[in-house]
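The structure appears right after this line, and notes come after that.
Index from 1, following the sequence.
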Amino acid sequence: MAKQYKKLQKKLYPNEPKEAPRKPPGKDYLLLAVLAFTVVVTAFGWTTFDNWNRAMYAFLCASLTLTYVQRHAKLSESQFLVVSRVSLAAIGLAIAMFVITVYERFTS
(Lines give C-alpha, C1' and ligand atoms only; values in the text may rest on other atoms or scores of the structure.)
Protein backbone atom coordinates (compact mmCIF):
# COMPACT_ATOMS: atom_id res chain seq x y z
CA MET A 1 0.00 0.00 0.00
CA ALA A 2 2.77 2.41 0.90
CA LYS A 3 4.66 1.60 -2.31
CA GLN A 4 1.58 2.29 -4.39
CA TYR A 5 1.04 5.58 -2.56
CA LYS A 6 4.63 6.61 -3.34
CA LYS A 7 4.22 5.68 -7.00
CA LEU A 8 1.01 7.68 -7.15
CA GLN A 9 2.73 10.66 -5.51
CA LYS A 10 5.57 10.47 -8.05
CA LYS A 11 3.07 10.47 -10.92
CA LEU A 12 1.01 13.33 -9.53
CA TYR A 13 3.93 15.44 -8.33
CA PRO A 14 7.01 14.68 -10.41
CA ASN A 15 10.35 15.78 -9.12
CA GLU A 16 10.12 19.52 -9.35
CA PRO A 17 13.44 21.23 -9.96
CA LYS A 18 14.70 22.47 -6.67
CA GLU A 19 16.22 25.89 -6.37
CA ALA A 20 19.93 25.64 -6.93
CA PRO A 21 21.93 26.36 -3.79
CA ARG A 22 23.29 29.86 -3.87
CA LYS A 23 27.01 30.09 -4.28
CA PRO A 24 28.52 31.85 -1.26
CA PRO A 25 29.91 35.27 -2.14
CA GLY A 26 33.64 35.82 -2.26
CA LYS A 27 35.53 38.02 0.13
CA ASP A 28 35.67 41.02 -2.24
CA TYR A 29 38.83 42.43 -0.72
CA LEU A 30 39.52 44.47 -3.83
CA LEU A 31 36.06 46.05 -3.73
CA LEU A 32 36.49 46.90 -0.05
CA ALA A 33 39.95 48.36 -0.72
CA VAL A 34 38.66 50.54 -3.55
CA LEU A 35 35.72 51.65 -1.39
CA ALA A 36 38.02 52.52 1.52
CA PHE A 37 40.40 54.39 -0.80
CA THR A 38 37.51 56.36 -2.30
CA VAL A 39 36.18 57.28 1.14
CA VAL A 40 39.64 58.42 2.27
CA VAL A 41 40.18 60.51 -0.87
CA THR A 42 36.72 62.02 -0.45
CA ALA A 43 37.31 62.84 3.21
CA PHE A 44 40.73 64.41 2.74
CA GLY A 45 39.92 66.23 -0.48
CA TRP A 46 36.51 67.55 0.49
CA THR A 47 37.73 71.10 1.17
CA THR A 48 39.68 71.32 -2.10
CA PHE A 49 37.01 69.79 -4.33
CA ASP A 50 34.44 71.85 -6.19
CA ASN A 51 30.79 70.80 -6.11
CA TRP A 52 31.08 68.62 -9.24
CA ASN A 53 33.94 66.62 -7.72
CA ARG A 54 32.13 66.27 -4.41
CA ALA A 55 29.05 64.94 -6.17
CA MET A 56 31.17 62.58 -8.28
CA TYR A 57 32.92 61.06 -5.28
CA ALA A 58 29.68 60.85 -3.30
CA PHE A 59 27.98 58.96 -6.14
CA LEU A 60 31.02 56.72 -6.54
CA CYS A 61 31.04 55.84 -2.83
CA ALA A 62 27.29 55.14 -2.96
CA SER A 63 27.67 52.92 -6.01
CA LEU A 64 30.52 50.90 -4.50
CA THR A 65 28.62 50.48 -1.24
CA LEU A 66 25.49 49.32 -3.04
CA THR A 67 27.54 46.89 -5.12
CA TYR A 68 28.92 45.38 -1.91
CA VAL A 69 25.42 45.18 -0.42
CA GLN A 70 24.12 43.58 -3.60
CA ARG A 71 26.74 40.83 -3.40
CA HIS A 72 26.61 40.08 0.31
CA ALA A 73 23.16 40.91 1.69
CA LYS A 74 20.34 38.40 1.53
CA LEU A 75 17.85 40.39 -0.52
CA SER A 76 14.51 39.44 -1.99
CA GLU A 77 14.03 39.62 -5.76
CA SER A 78 12.46 43.08 -5.63
CA GLN A 79 15.07 44.44 -3.21
CA PHE A 80 17.86 43.02 -5.36
CA LEU A 81 16.38 44.68 -8.43
CA VAL A 82 16.08 48.06 -6.68
CA VAL A 83 19.62 47.89 -5.28
CA SER A 84 21.12 46.92 -8.62
CA ARG A 85 19.28 49.69 -10.47
CA VAL A 86 20.19 52.35 -7.92
CA SER A 87 23.82 51.18 -8.03
CA LEU A 88 23.88 51.46 -11.83
CA ALA A 89 22.23 54.88 -11.67
CA ALA A 90 24.79 56.07 -9.12
CA ILE A 91 27.75 54.91 -11.21
CA GLY A 92 26.16 56.52 -14.26
CA LEU A 93 25.82 59.81 -12.41
CA ALA A 94 29.42 59.54 -11.17
CA ILE A 95 30.60 59.07 -14.75
CA ALA A 96 28.49 62.04 -15.87
CA MET A 97 30.03 64.20 -13.12
CA PHE A 98 33.49 63.10 -14.23
CA VAL A 99 32.76 64.05 -17.85
CA ILE A 100 31.42 67.44 -16.76
CA THR A 101 34.49 68.05 -14.59
CA VAL A 102 36.89 67.11 -17.40
CA TYR A 103 34.96 69.27 -19.88
CA GLU A 104 35.04 72.29 -17.57
CA ARG A 105 38.72 71.83 -16.80
CA PHE A 106 39.86 71.61 -20.41
CA THR A 107 37.54 74.20 -21.96
CA SER A 108 38.29 77.06 -19.60
Gap between atom CG of L66 and atom CZ of R85 - 0.5 Å precision: 14.5 Å
Pairing residues for L64 by the side chain to side chain contact (heavy atoms under 4.5 Å, CB included) criterion, not counting sequence neighbours: L31, V34, L35, T38, L60
Residue pair M56 / A94: nearest heavy atoms and the distance that separates them: CG-O, 3.5 Å
Audit row: V41, F49, side chain to side chain contact (heavy atoms under 4.5 Å, CB included) steps and yes/no: CA-CA 10 Å; V41 168; F49 289 159; 4.2 Å; yes
Shortest non-hydrogen separation from V83 to Q70 and the atoms involved: CG1-CB, 3.9 Å
V86 reachable from L93 in the ILVMFWY side-chain graph, under 4.5 Å edges: no
Cluster link L88 to F59, ILVMFWY, side chain under 4.5 Å: no
R71 side, atom CZ; K27 side, atom NZ - distance, nearest 0.5 Å: 14.0 Å
From N53 atom CG to M97 atom CE, the distance as rounded to the nearest 0.5 Å: 10.5 Å
For the student: nearest non-hydrogen atoms of S84 and L81, plus distance: OG-O, 2.9 Å
Partner residues of L32 under the side chain to side chain contact (heavy atoms under 4.5 Å, CB included) criterion, sequence neighbours left out: Y68
OH-CZ distance between Y57 and F98, expressed to the nearest 0.5 angstrom: 9.0 Å
Verify same cluster id: F37, L30 (apolar side-chain graph, 4.5 Å): no
Inter-residue atom distance D50.CG - T101.OG1, 0.5 Å rounding: 6.0 Å
Test item: T67 side-chain N/O and S63 main-chain N/O as donor-acceptor pair under 3.5 Å: yes
